[in-house]
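Just below is one structure, and these are the notes that go with it.
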Amino acid sequence: MENTKKLENQIEALLFASGDPLLITTLSKITGESEKLVKETLGSLKKSLDDRGIMLIHTDSEASLSTSPEMEDVVKKLHNDEITRALGKAGIETLSIVLYQGPVTKSHIDYIRGVNSAFVLRNLLIRGLVERKENPENKRGFVYVSSVDTLRYLGISSVKDLPEYEEARKSLEGELINE
Amino acid sequence: MENTKKLENQIEALLFASGDPLLITTLSKITGESEKLVKETLGSLKKSLDDRGIMLIHTDSEASLSTSPEMEDVVKKLHNDEITRALGKAGIETLSIVLYQGPVTKSHIDYIRGVNSAFVLRNLLIRGLVERKENPENKRGFVYVSSVDTLRYLGISSVKDLPEYEEARKSLEGELINE
Amino acid sequence: MPFDIKTSAYEGPLDLLIALIEKREVFINDISLAQVTEDYIEYINSLEERDIDNMSEFVLVASTLVLIKSKSLLPKLDLSPEEQESIDDLETRVKKYRLIKSLTEKIIEISSGGESFPRGEMKKQFISFAPSKDMSVENLLTEAKYLIENLPKPEPKKPKVMVEKTISLNDVIDDLKNRIQSNFKMSFNEYSSKSSTKDKAEKVNVIISFLALLELVKQGTVRAEQDEDFKDISIETDSLGVPTY
């Protein structure tokens with residue numbers, strides 16, 4: 001019990017000190033604990049931060065601390081109301097595909113949307129709202145995944161907080177014969 | 001009680017989002033609460049953070065979040081890990097833009113790379129490979145230049161000594177298609 | 001976060017199809033797709049080429065819709081496995097895209113709960129010069145060249161692919177005409193590289209007159225089905241020729 005608390009505090013301190021998202025592998029390396037234990041402890045850190053001004057955001061591979069979404073107004077005041085430019089319809093739609101289907105190739109995004117998404121994808125990449133990774137099935141291609149910044153943009157802690165996540169993900173994988 | 005908790009969370013979020021210490025007058029102005037109440041609430045935030053990975057530091061006039069002293073070792077380890085890691089493709093790419101295009105803004109770096117460069121730029125900064133300066137054309141923004149140490153390490157006395165400097169510099173200007 | 005939604009134009013062919021189907025409040029299947037085929041083609045027809053960014057995609061979907069429509073009007077029309085696949089595929093895509101659209105609405109909703117922000121930058125950062133071994137003049141030049149090569153370039157106005165796709169639509173029409181006039185057996189793959197340079201307006205007119213022709217043929221089918229003889233239909237169509245509009 002004592003040790004879990006210690007690891008939780010260490011992870012909190014590391015995420016705070018870094019500012020940027022940290023890989024779970026890095027957290028495991030620095031703390032000397034297994035990735036499995038780190039992931040479990042991220043779960044308890046998340047709970048400890050419940051109902052606080054900051055929260056834990058994580059993807060499968062990375063974690064980061066971030067302000068709670070209810071704090072948007074005061075934080076914006078601090079940042080001099082710096083307005084985050086809203087995404088257009090094409091942008092948010094493409095983001096949805098990456099969120100619910102990622103990792104996903106550009107050709108799959110084009111296929112679903114019925115139009116070429118090169119331009120909109122590039123904008124999302126530049127804003128850091130999607131990330132590009134080497135396609136494990138094709139070394140010369142890329143796959144697109146959501147990032148910690150995607151979740152920040154939406155003010156959620158993980159993709160599991162997305163509406164109908166599991167259900168929609170499954171439907172999108174299948175043939176969707178039945179409506 | 002409810003309201004105290006809300007103010008506590010707001011202060012925590014503000015200090016987190018700021019990074020640097022904030023004046024108590026600033027906290028009072030942004031939250032719309034009296035300085036007296038802010039000071040009292042700093043006391044309760046401090047207690048809430050007892051036995052955590054991060055702590056509250058404050059004087060009579062300002063406050064800041066910081067990692068707890070017991071976390072010093074693990075935070076140092078992270079720092080060492082961050083500065084000894086190989087730069088990798090993303091790091092070399094970004095450094096080469098700063099060398100061939102500097103002084104250059106982050107948004108131009110993002111544009112050339114086609115992805116967000118926030119993390120990689122911060123890594124180059126803490127490693128002393130690039131430096132950040134106020135943008136002469138925009139007081140609120142920054143430009144990045146290579147550090148003297150970087151030039152020395154590369155064995156050149158000025159960026160102009162880089163191979164194909166003029167040519168590459170011109171090409172990297174790009175056509176700046178509207179994004 | 002607010003989202004800026006432009007509702008004016010249709011983003012692409014699937015976007016248009018969904019709007020047409022939703023207007024009729026019907027399920028997505030081959031029947032509803034056949035029902036909206038005319039509306040779809042009329043919509044493309046009403047626009048100037050310059051109004052549509054993704055003309056080739058619009059036309060490609062139009063060719064599948066024509067197949068669906070043909071099949072619905074002439075149930076005995078034999079479809080090749082490839083054709084059936086392109087029909088099933090279109091149905092699946094429309095369904096998936098509609099699901100994405102409804103999820104997008106929900107995402108817009110949850111995001112109105114507020115954005116979350118990262119830790120701010122700290123001025124007093126511990127900075128120590130820490131180069132890495134891969135930092136050589138050669139590597140830096142290599143990466144600079146790679147970046148130059150991959151800089152975004154302005155898109156060429158009329159990509160070749162698009163022209164090819166529009167030609168293939170004419171081929172679909174021609175081919176279906178032939179099949180109705182003969183015995184409905186021909187593979188989808190067999191038509192490909194005929195050269196034709198009809199402009200867009202003309203091409204869409206071809207589709208419209210073709211659909212009208214199908215309607216007429218369908219009437220013939222009703223009569224022909226009494227003796228269940230396919231060849232009767234072809235005689236009928238031969239006598240009709242291509243109507244002029």
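Hydrogens, waters and symmetry mates are skipped; everything else that's a heavy atom, side chains included, is used. Letters go in sequence order (proteins before strands), and every chain restarts at 1.
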TODO: Determine the option with the most heavy-atom pairs under 4.5 angstrom with chain A, choosing from B/Val74, B/Leu22, B/Leu15.
DONE: B/Val74
Task: B/Ser18 versus chain A, the contacting section by heavy-atom distance below 4.5 Å - done: both
TODO: Flag the pair B/Lys170 and B/Glu166 as a salt bridge only when some basic side-chain nitrogen lies within less than 4.0 angstrom of an acidic carboxylate oxygen.
DONE: no
Task: Shortest non-hydrogen separation from B/Ala13 to A/Met71 and the atoms involved - done: CB-CG, 3.5 Å
TODO: Output the option from B/Asp51, B/Thr31, B/Leu45, B/Ile126 having the highest count of non-hydrogen pairs under 4.5 Å with chain A.
DONE: B/Asp51
- [ ] Identify which part of B/Glu70 has an atom lying under 4.5 Å from any heavy atom of chain A, answering side chain, backbone, both or neither.
- [x] neither
- [ ] Anything under 30° is parallel, anything over 60° is perpendicular, the rest tilted; go ahead and classify A/Phe16 against B/Phe16.
- [x] tilted
Task: Matching residue for B/His79 among B/Ile83, B/Asp81, B/Val75 - test: side-chain contact (heavy atoms from CB on, under 4.5 Å) - done: B/Ile83
Open item on the list: Please check: side-chain N/O of B/Thr150 versus main-chain N/O of B/Ser146, any donor-acceptor pairing under 3.5 Å?
Closed with: no
TODO: Would you indicate whether B/Glu167, at its atom CD, is surrounded by more than 12 heavy atoms from other residues, nucleotides or ligands within a distance under 6.0 Å?
DONE: no
Open item on the list: At a 4.5 Å cut-off on heavy atoms, which part of B/Ile11 comes close to chain A: side chain, backbone, both, or neither?
Closed with: neither
Open item on the list: If you compare all heavy atoms of A/Thr59 against all heavy atoms of A/Val148, which two are closest, and at what distance to 0.1 Å?
Closed with: CG2-N, 3.9 Å
Task: Part of A/Arg52 within contact of chain B (heavy atom distance under 4.5 Å) - done: both
TODO: Tell me, for A/Ser147 versus chain B, whether the close heavy atoms (under 4.5 Å) come from the side chain, the backbone, both or neither.
DONE: neither
Open item on the list: Please classify the contact between B/Ser66 and chain A as side chain, backbone, both or neither, with a heavy-atom cut-off of under 4.5 Å.
Closed with: backbone
- [ ] Check each atom of B/Leu65 against the heavy atoms of chain A and say whether the ones under 4.5 Å are side chain, backbone, both or neither.
- [x] both
Open item on the list: Please classify the contact between B/Arg122 and chain A as side chain, backbone, both or neither, with a heavy-atom cut-off of under 4.5 Å.
Closed with: side chain
